[in-house]
Amino acid sequence: INIITLFTILLFSFSCVKDQEKLFPQDPDTRLSEVLDTYQKELQESTYGWIMTIETKVGGVYRLWIAFTDSYRVEMLCDMDATWNTNTVTSKLVSQSTYRLRAIQTPVLVFDTYNYLHLMADPQGTNSSYGDINGGVNGVGLASDFEFTIDSLKNGKFFLTGRYNKVKAFMSKASMKEEISIKQGALKSVHTKLSNYLADVKFPVLDIDNKLYDVKLGGRSSQVSFMNNDAVESVSVGSYLDLSDYSHDNISNSLFLIDPLKINNLVINSFLFDGEDYFVQIGSNKYYIKDNKKPSIPLNLGYNRDYTQLTIDDSRLQGSMSESFFNNIYLESRQKLFTNGRRHMQYAYIDFIMHPITFQPIMQLSIRYNNTSGSVFIARWRYKYVINEDKTITFLEREQTGSSNERLQEQYLKSFVDYFCELEYESYSTSSWNNTIISNTIPKTFKIDWIQNNTQGSIDMLGAFIPINDKNNYCVGI
């Protein structure tokens, strides 16, 4: 053996016998047991219980009130019935079950008998055979959890991660006021108040530095949509309603976000409520949400677009149809069709579809009517169109589909059919469209846009074809 090898062996031997300093005074099991005892004490000593906020993978944010006892029992209420017709009034009927704090390498909070957390995680979802459990997706339910790793306890607040679906949750101590409100049904009624508020503010928008943002406020999730050049961008985050200032007299309550909502260079942390209106605080500036009366995002109507159909039904559009279109187009067509054997025009609808022969996008106008015996018929006309550089639409040509419904009824419905593209005939055949001779075609150009809904009690979004040369003669549909 050489001298270098001998020196190395001796050095290693001395290092092995050197006392090792312990990093912790106790072994890992003892330390973990002490942590569990601390957590157990914290859970039980919250006088008014805890409010759990949990962001499921399906359905957004849910909130529960939970009270832990020293006998490993738990009482629980849940806001699930605020948005789903559950068989149980989860916001008022207290669920009692058991829980455990376990050491599974890390501290774990386990709800080990059935309660509302299990109901949320039930994979039956909306399976009617099992009673439409939770409104989630069949096979995964709300993709929630009932066993949670305790990540940390900071300033009296538990931060949790689900062990199966990895949902994020946190628990905060409830105040006496919150416990009283919750036991009177506030978990559900706070959602109802927001719904009632939004029934009056149908199209909430934020106007920030002369740029409009469509806002969807919700007690499960909230969304902001805006135009980025010619594209629509939407950002959604989990959200939940504040219970700390809840009262029966409140119109609504502030909305807090699970994560900051980032749009362009703006960061929104909450939608605050001042007793009358919602607003966001960005820096030192307050920006209030207002009712825009219609979406601020342009109506993307057409073939293979966000919207492909409009229904024109006067029974659902009273107060919203333009007087000119209703009297001179819609009502006139109905009255003239009635003179032909007392046929009744029920309603019309517009579809953007693919032409069955040319395979080019077209607009199809369908008019539904019935005869005196109640038999229903549909007459259809097809319109070739082009989208112009300014995003207006021009209907260039029109044709019948070959059905006798169009051939026999067009003379009575002509004001409606001509509204989009007018035809003049040298001769018109009621026996065959192919025998009809067109002498002149008059294309029509329209702007497509949302329009204000003035129909009492209606919450439908309304779109319109607005003639560029006769803006008061617009055709509106649902």
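Ring pair W450/Y307: centre-to-centre distance below 6.0 Å. Ring-centre distance between Y419 and F446: below the 6.0 Å cut-off.
Here the options are L337, L331, D314, the test is side chain to side chain contact (heavy atoms under 4.5 Å, CB included), and the partner is M345; only L337 passes.
Taking CZ of F338 as the start and CZ of R334 as the end, the distance is 11.0 Å to the nearest 0.5 Å. For the atom pair CD (Q409) and CD1 (I367), the distance works out to 10.0 Å, reported to the nearest 0.5 Å.
Between R398 and D418 there is a salt bridge, with a side-chain nitrogen of the basic residue lying less than 4.0 Å from a carboxylate oxygen of the acidic one.
Side-chain atoms of K216 and S222 form no donor-acceptor pair, as typed in the model, at a separation below 3.5 Å. A donor-acceptor contact closer than 3.5 angstrom is absent between the side chains of E426 and S439. Between the side chains of T53 and R63, at least one donor-acceptor pair of N or O atoms lies under 3.5 Å. The closest side-chain donor-acceptor pair between D242 and S254, if any, does not fall under 3.5 angstrom. A side-chain N or O of T401 and one of E406 form a donor-acceptor pair less than 3.5 Å apart. In summary, the side chains of T56 and S144 do not present any donor paired with an acceptor at a separation below 3.5 Å, with no hydrogens or angles considered.
Contact of the L117 side chain with the L64 side chain is registered, since non-hydrogen atoms from C-beta on lie closer than 4.5 Å. Put simply, the side chain of Y246 does not reach to within 4.5 Å of the side chain of I182, judged on heavy atoms.
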Counting only pairs under 3.5 Å, give me each side-chain donor-acceptor contact of residues 267-277, with atom names and distances, residues two or more places apart or in other chains.
residue, atom, partner, partner atom, Å
D274, OD1, E276, N, 2.9
D274, OD1, D277, N, 2.8
D274, OD2, Y288, OH, 3.1

Criterion ring pair (Phe, Tyr, Trp, His ring centres under 6.0 Å) on F416 and F325, from CA distance to verdict
CA-CA 9 Å; F416 205 151; F325 179 85; 5.8 Å; yes
Give the intermediate values and the outcome of salt bridge (charged side-chain N to carboxylate O under 4.0 Å, His left out) for residues K294 and D449.
CA-CA 10 Å; K294 62 180 183 178; D449 200 359; 3.7 Å; yes
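Legend: residues meeting side-chain contact (heavy atoms from CB on, under 4.5 Å) with S221, ordered by chain and number and at least two apart, are absent.
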